[in-house]
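Throughout, numbering of the chain's residues begins at 1 and tracks the sequence.
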Amino acid sequence: MNGQTPMGLAAAAAAAVRPCRRRLLSSATAAAAATVATATPLFPRCPHPHHHLHGRRLPFLASAASQQQQQSGQTAASPATPPIPSDPRAAVSGNLPFFDRVLFPDTFPVETPPPSSAAASAAAAADEEVASALKVREETEAEREAWRLLRRAVVSYCGEPVGTVAAEDPECTETLNYDQVFIRDFVPSALAFLMRGETEIVRNFLLHTLQLQSWEKTVDCYSPGQGLMPASFKIRAVPLDDNNEAFEEVLDPDFGESAIGRVAPVDSGLWWIILLRAYCKITGDNALQERVDVQTGIKLILSLCLSDGFDMFPTLLVTDGSCMIDRRMGIHGHPLEIQALFYSALRCSREMLVMNDGSKNLLRAINNRLSALSFHIREYYWVDMKKINEIYRYKTEEYSHDATNKFNIYPEQIPSWLVDWIPEKGGYLIGNLQPAHMDFRFFSLGNLWAITSSLTTPKQAEGILSLIDEKWDDLIANMPLKICYPAMEDDEWRIITGSDPKNTPWSYHNGGSWPTLLWQFTLACIKMGRPELARRAIAVAEEKLAADKWPEYYDTRSGRFIGKQSRSYQTWTIAGFLTSKMLLENPELASILTCDEDLELLEGCACCLSKKRTRCSRRAAKSHVVE
């Protein structure tokens with residue numbers, strides 16, 4: 001692809017990132033080493049050739065210091081940067097960070113060069129203007145506890161923070177893989193840290209997981225594509241000799257070879273791209289995304305997603321358990337969650353890829369896929385009262401280019417619960433679509449991220465939130481948010497899940513309520529101008545989460561009980577709550593994750609290349625956007 005093979009891209013990525021090693025001494029040798037004034041580490045840490053320090057002194061503050069130096073007749077050593085905006089909300093729109101200097105001024109001291117008196121007066125005036133523009137709200141007791149727990153979950157590698165463990169439950173003796181750093185789980189933690197101005201942990205996470213991408217991955221003598229990102233990683237101390245006196249820290253990734261069912265994490269690479277874009281937008285650190293190793297990592301992920309296959313559809317074909325729902329739940333095929341993340345990752349990649357001769361073909365492939373994917377989802381996954389009535393009257397076994405029932409869906413597939421459940425106004429995107437099969441379940445993550453990424457039309461996005469509002473007692477009730485609705489029961493549960501004892505009806509992935517979905521719900525509500533829905537949901541969650549020890553999920557139809565196998569102090573429950581609160585406080589920060597409607601994607605259509613294809617709904621889809 002683009003003149004380079006996946007193996008060549010992987011070699012370039014591995015060469016660009018150096019592993020970080022550090023000597024760890026045992027307790028016996030540590031005491032002896034303490035008497036030595038200076039010591040030479042066995043594996044000295046080498047600075048990365050492209051590494052720039054991005055700590056608590058943020059770019060927009062450095063810009064202010066540069067202006068102060070220039071006003072006092074000094075020459076700034078750093079290159080010119082845009083001036084600090086008077087309105088903090090303008091920081092995000094201009095790709096400049098806006099963090100704790102405004103949000104938490106008393107807890108986030110930043111050292112700056114001593115300014116002249118004139119510059120100090122100007123800075124004081126600017127601070128007063130910022131303070132008047134935004135009132136700082138005092139954190140609640142639940143928020144303070146959440147921050148304490150989130151910081152407790154941070155893990156370090158070679159002395160630097162690199163992520164947060166999945167759960168830090170002191171009462172649970174069986175850790176399983178909850179002591180690992182999961183890519184998808186870390187996303188809400190990363191966003192919370194980013195919005196608080198603590199960017200180092202996110203940068204370290206992005207670069208170290210990128211390094212793991214080039215590692216060998218093998219299951220029973222078979223290796224998947226080079227672009228596969230791990231589901232998780234763990235930091236281990238490995239002895240350097242037989243005496244166990246010295247150790248080195250190593251990252252131990254899991255690409256699915258240890259996972260239940262041995263399923264590769266398709267969503268990991270997609271989340272990594274989405275988080276990379278959010279980091280660069282909020283920090284202004286565009287140099288990171290332009291690095292050779294980062295550009296190579298993006299291309300390797302895309303080479304997996306855009307590779308040619310037998311499929312006739314633009315959607316990604318995946319197995320069961322390849323995303324947040326990582327157990328058998330009947331989502332194999334083209335699940336909505338993967339398609340929404342895929343679309344979002346393509347949009348983000350298009351923004352971040354450096355335009356050159358080697359990327360022109362890739363960018364063209366991205367645009368073609370985006371165009372086809374957006375049409376496919378909007379046209380065939382969307383259901384409302386009108387669409388369901390149309391399916392109810394479908395003719396089957398149609399053989400023609402202009403067939404109405406293109407996927408040969410039998411009307412008998414419409415479940416009885418849906419007939420009475422679908423409201424008169426509003427609708428949603430179904431969970432899956434394959435030949436002769438429509439999964440009519442409502443999957444929250446896929447629908448919410450379709451809104452965030454503009455995979456839906458604005459009208460469809462409004463319809464999804466209207467449906468959630470209308471069906472509040474079913475989808476939110478006592479704890480937001482149902483991962484899917486409704487639950488599979490009786491024979492359907494036994495056949496599709498294989499009688500999974502963890503996914504019993506209205507538990508875990510089978511209709512359980514997951515508080516971590518709160519931040520994605522908040523994001524969608526902010527984008528569509530309905531923050532009141534998010535406030536209602538956050539108020540429901542805040543009443544119970546801290547008292548219930550921040551569980552992973554809740555059981556029962558209305559989410560009243562803590563999940564029967566739920567871990568306490570689940571990190572992405574904690575981080576999702578914090579991220580939701582911070583997004584509501586500063587809705588302008590939602591732009592680091594959202595994508596606006598791109599009307600140009602509806603222009604490209606392969607149908608115009610063939611005279612045989614006489615029926616195309618793209619113009620109709622575009623008319624929905626304009627309405």
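R262 meets the salt bridge (charged side-chain N to carboxylate O under 4.0 Å, His left out) test with no other residue; sequence neighbours excluded.
Heavy-atom contacts from other residues, nucleotides or ligands closer than 6.0 Å to CG of D311 number more than 12. The environment of NZ in K549 is sparse: at most 12 heavy-atom neighbours from other residues, nucleotides or ligands sit within 6.0 Å.
Contact record, L275 with A190: CD1-CB, 3.6 Å, taken as the closest heavy-atom pair. In plain terms, the two heavy atoms of V238 and V250 that are nearest each other are CG2-CG2, 3.3 Å. The nearest pair of heavy atoms linking L448 to L517 is CD1-O, 4.2 Å. Residues R184 and D267 come closest through the heavy atom pair NE-OD2, 2.7 Å. Considering all non-hydrogen atoms of both residues, A450 and L429 come closest at CB-CD1, 3.6 Å. When every heavy atom of G511 is checked against every heavy atom of I483, the shortest pair comes out as N-CG2, 4.2 Å.
A donor-acceptor pair under 3.5 Å is formed between the side chain of S307 and the backbone N or O of L304. Here the side chain of D254 pairs a donor or acceptor atom with the backbone of G256 at under 3.5 angstrom. Judged purely by atom type and a 3.5 angstrom limit, S303 uses its side chain to pair as donor or acceptor with the backbone of L300. With S268 contributing its side chain and P230 its backbone, the two residues share a donor-acceptor pair below 3.5 Å. In this structure, the side chain of E337 does not engage the main chain of C323 through any donor-acceptor pair within 3.5 Å. Side-chain N or O atoms of W572 include none that pairs as donor or acceptor with a backbone N or O of S189 at under 3.5 Å. A donor-acceptor pair is defined here as one N or O able to donate and one able to accept, closer than 3.5 Å; such a pair exists between the side chain of S580 and the backbone of W519. A donor-acceptor pair is defined here as one N or O able to donate and one able to accept, closer than 3.5 Å; no such pair exists between the side chain of Y569 and the backbone of I574. For R328 (side chain) and G321 (main-chain N/O), no donor-acceptor pair under 3.5 Å exists by modelled atom type. Looking only at distances, a side-chain donor or acceptor of S566 sits under 3.5 Å from a matching main-chain atom of E552.
With H208 as the fixed residue, the ring pair (Phe, Tyr, Trp, His ring centres under 6.0 Å) test singles out one of Y157, W272, F233, F186: Y157. Between W271 and the options F182, W449, F205, a ring pair (Phe, Tyr, Trp, His ring centres under 6.0 Å) holds for only W449.
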_One pair to check against side-chain contact (heavy atoms from CB on, under 4.5 Å): V318 and I331. What are the steps and the verdict?_
CA-CA 9 Å; V318 300; I331 66 169; over 6 Å; no

Apply the test side chain to side chain donor-acceptor pair (under 3.5 Å) to residues R364 and N361: give CA-CA distance (whole Å), side-chain angles for both, the deciding distance (0.1 Å), then the verdict.
CA-CA 5 Å; R364 186 180 300 111; N361 291 336; 2.8 Å; yes

- Query: Can you list the steps and then say if K527 with S454 is a side chain to side chain donor-acceptor pair (under 3.5 Å)?
  - Reply: CA-CA 10 Å; K527 185 186 177 189; S454 291; 2.5 Å; yes

*Stepwise side chain to side chain donor-acceptor pair (under 3.5 Å) test for N356 and S359*: CA-CA 5 Å; N356 52 42; S359 61; 3.2 Å; yes

Q.
Test side-chain contact (heavy atoms from CB on, under 4.5 Å) on R277 and C595; report intermediate values, then the result.
A. CA-CA 11 Å; R277 182 228 190 194; C595 296; 4.0 Å; yes

Worksheet item: Can you check side-chain contact (heavy atoms from CB on, under 4.5 Å) on D326 and V263, steps first, answer last?
Response: CA-CA 8 Å; D326 57 3; V263 179; over 6 Å; no

Report task. Given side chain to side chain donor-acceptor pair (under 3.5 Å), test Y381 with Q339 step by step and report yes or no. Result -> CA-CA 11 Å; Y381 276 61; Q339 314 316 320; 5.1 Å; no

Before you tell me yes or no, could you show the steps for T319 and V266 under side-chain contact (heavy atoms from CB on, under 4.5 Å), namely the whole-Å CA-CA distance, both residues' side-chain angles and the distance that decides it to 0.1 Å?
CA-CA 9 Å; T319 62; V266 178; over 6 Å; no

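Here the straight-line distance linking atom CD1 of I366 with atom CG of L302 works out to 5.0 Å at 0.5 Å rounding. The line from NZ of K482 to OG of S444 is 9.5 Å long, rounded to the nearest 0.5 Å. Distance check, rounded to the nearest 0.5 Å: CG of L212 to CG of L228 gives 11.0 Å. The CZ atom of R236 lies 11.0 Å from the CG atom of L251; values are rounded to the nearest 0.5 Å. Distance check, rounded to the nearest 0.5 Å: CG of L370 to CZ of R347 gives 7.0 Å. Atoms OG and CE, on S513 and M479 in that order, are 8.0 Å from each other to the nearest 0.5 Å.
Checked by atom type, the side-chain pair Y554/D548 shows a donor-acceptor distance below 3.5 Å. There is a side-chain donor-acceptor pair under 3.5 Å between T497 and W493.
Contact check for L593 versus L191: side-chain heavy atoms found under the 4.5 Å cut-off. Side-chain contact between P515 and L545: present, with at least one pair of heavy atoms (C-beta onward) separated by less than 4.5 Å. Side-chain atoms of T315 and L373, non-hydrogen and from C-beta on, do get closer than 4.5 Å to each other. The shortest side-chain heavy-atom distance between L433 and H376 falls under the 4.5 Å cut-off. Side-chain contact between R203 and D285: present, with at least one pair of heavy atoms (C-beta onward) separated by less than 4.5 Å. Here the side chains of E351 and Q289 are not in contact, with every heavy-atom distance at 4.5 Å or above. Taking 4.5 Å as the limit, every side-chain heavy atom of C348 sits out of range of all side-chain heavy atoms of L276. By the 4.5 Å heavy-atom criterion applied to side chains, S232 and D185 are not counted as neighbours.
Within the structure, every pair that satisfies the ring pair (Phe, Tyr, Trp, His ring centres under 6.0 Å) test and touches residues 315-355, not counting sequence neighbours, is listed here: F313-H334.
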